[in-house]
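Data first, discussion second: the structure below is written as C-alpha cells.
Hydrogens, waters and symmetry mates are skipped; everything else that's a heavy atom, side chains included, is used. Each chain gets a letter, A, B and so on, in the order its sequence line appears, and its residues count up from 1.
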Amino acid sequence: MKIFHEHSWEVSPQEARKIQLELKSRIDFVSRMNIEDIDTVAAADISYHKHDRYLYAAVALFSFSDLKFLSSHSLKMQSTFPYIPGYLSFREAPPIIEIFRKIDTRPDVLLCDGQGIAHPRHFGLASHLGLLLDIPTIGCAKSVLVGEYEEPPQERGAASPLIFKQKKVGEVLRTSSHVKPVFVSPGHKISFEDAHEIILRCSPRFRIPEPLRVAHKIVNEIRLNDISDDKFFK
DNA sequence: GCGACAG
DNA sequence: ATCTTGTCGC
C-alpha cells in the first residue's frame, strides 16, 4: 500500500511538533463514505514491555456488518521515539505504517487506540495514520488527553461533547451501560456522527470496540510468546 | 512556576 | 504500555 506525506521518524520532539503543525492542515473532516456501504473495519494496536526496545504491532481486519474476524498481520520493530504525551504517533505509528506498507488490504475504516483531532495540535495518532495511509480513521482512547466534558448519561449510546479551546474535538461515548466511557474523535476523512456510529456498532457487548479488543489480544500474545523478547535477557 | 498528561 | 488478586455488579 502506498504511504503519503512520508517523513522521517528519526526526529526530535521539536521536529515532531513541526511535522504535526505542517500536516494537520491536510486533515479531511468530511465523511465521503456511507456507513451502510462499509464492508470492512480494521483496528491497529501496539504492545511492548516497559523499558524494552521493541514494539509489537498488529492490524486486525473484521467484517463491519457482523463483526467477524477476517485476518490479521503483525510485526516487531525497534522503537525510535519515547512515549511523550502529545507525540504518541511518533512512537506507535511506524510499525503500523510498516504493516500497511507490505499488505494490499485497504479497510474501509481504521480504528486507532488513541486520539484523533482531540489533541493539543489537532493531530493525534488516528489523524497521523489516516493521513499517511489515506484511509478514514477514528481515534478511540480509554482516557482523555485534552478537552473538557460533562459525564454522559449511564446508558449505552449516551454521549457528551469533548470541548477543547471552545471547539468540539470529539465525544465522550458510553459504549456499555454503567461502564466508563471511551473518548472518540475523528482522525481523518470522517465526521463526528460517523465516528460515533461506527464505534457504537463495533462495541455491541464490551466497552472497547471488538476489532480493537482483538488487535490488543493478538499483539499482546505475540509479544509474550516471543522468546527473543528483551525481558529474557534482563 | 504549577498541574495535566493518549499509550 | 505493563505488572498484579481479589472482588463487585450486570
Side-chain angles (χ1 to χ4, degrees), chain A residues 9 13 16-17 20 24 27 43-59 74-97 110-130 137-149 153-158 162-165 169-188 195 199 203-209 212-213 215-226 229-232 234:
Chain A
W9 295 104
R17 179 194 174 83
Q20 293 179 324
K24 72 171 184 181
I27 290 301
D45 195 28
I46 297 294
S47 176
Y48 59 89
H49 192 281
K50 193 165 58 174
H51 299 143
D52 190 337
R53 60 183 150 160
Y54 290 110
L55 296 183
Y56 296 77
V59 171
S74 53
L75 188 71
K76 175 183 181 182
M77 180 183 273
Q78 283 204 14
S79 67
T80 60
F81 202 91
Y83 168 66
I84 301 175
Y87 299 91
L88 178 65
S89 65
F90 284 85
R91 177 176 177 71
E92 303 200 349
I96 297 172
I97 293 288
L110 174 66
L111 309 187
C112 308
D113 190 7
Q115 315 290 343
I117 61 172
H119 177 278
R121 290 166 292 286
H122 310 292
F123 202 69
L125 174 65
S127 298
H128 206 153
L129 286 173
T137 55
I138 301 172
C140 181
K142 297 179 290 298
S143 62
V144 67
L145 175 59
V146 296
E148 305 176 328
Y149 62 93
Q154 293 298 313
E155 299 68 49
R156 168 184 141 80
L162 177 61
I163 307 297
F164 180 55
K165 292 184 175 177
V169 294
E171 284 183 357
V172 183
L173 176 62
R174 192 86 65 181
T175 50
S176 193
S177 296
H178 306 288
V179 170
K180 186 181 195 284
V182 292
F183 298 77
V184 180
S185 60
H188 182 49
I199 290 299
S203 319
R205 182 161 179 197
F206 303 110
R207 177 195 180 216
I208 304 301
L212 277 174
R213 286 185 69 232
H216 186 273
K217 193 176 179 183
I218 289 176
V219 75
N220 203 38
E221 192 163 295
I222 289 177
R223 176 178 64 81
L224 262 22
N225 287 328
D226 185 1
D229 191 303
D230 270 14
K231 68 177 181 298
F232 288 110
K234 294 178 179 173

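Residue contacts shown for F90(A) are absent, as no nucleic acid heavy atom lies under 4.0 Å away. No engagement by V179(A) is indicated, since no non-hydrogen atom pair under 4.0 Å with the nucleic acid exists. Q115(A) comes within 4.0 angstrom of a base, heavy atoms only. G139(A) comes within 4.0 angstrom of nothing in the nucleic acid, heavy atoms only. H128(A) comes within 4.0 angstrom of nothing in the nucleic acid, heavy atoms only.
On the nucleic acid side, DNA chain B has its first and last nucleotide under 4.0 Å of a heavy atom of chain A at dC5(B) to dG7(B), going 5' to 3'.
For H216(A) and dA1(C), the shortest distance from a side-chain N or O to OP1 or OP2 is below 4.0 Å.
Nucleotide dA1(C) holds its C1' atom 15 Å from the CD1 atom of I84(A), rounded to whole Å.
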**Request:** For DNA chain B, just give me the dot-bracket, please: Watson-Crick or G-U, both distances below 3.5 Å, ( ) intra-strand, [ ] crossing earlier pairs, | paired with another strand, . unpaired.
**Result:** .......
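In this structure the side chain of S185(A) never reaches within 4.5 angstrom of the side chain of L162(A), judged on heavy atoms.
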**Letter per nucleotide, 5' to 3', of nucleotides 4-10 of chain C [B base touched, S only sugar-phosphate touched, - untouched; heavy atoms, 4.0 Å]** = -------
**Prompt:** Between K76(A) and D226(A), does a side chain to side chain contact (heavy atoms under 4.5 Å, CB included) hold up when you go through it step by step?
**Reply:** CA-CA 10 Å; K76(A) 175 183 181 182; D226(A) 185 1; 2.8 Å; yes
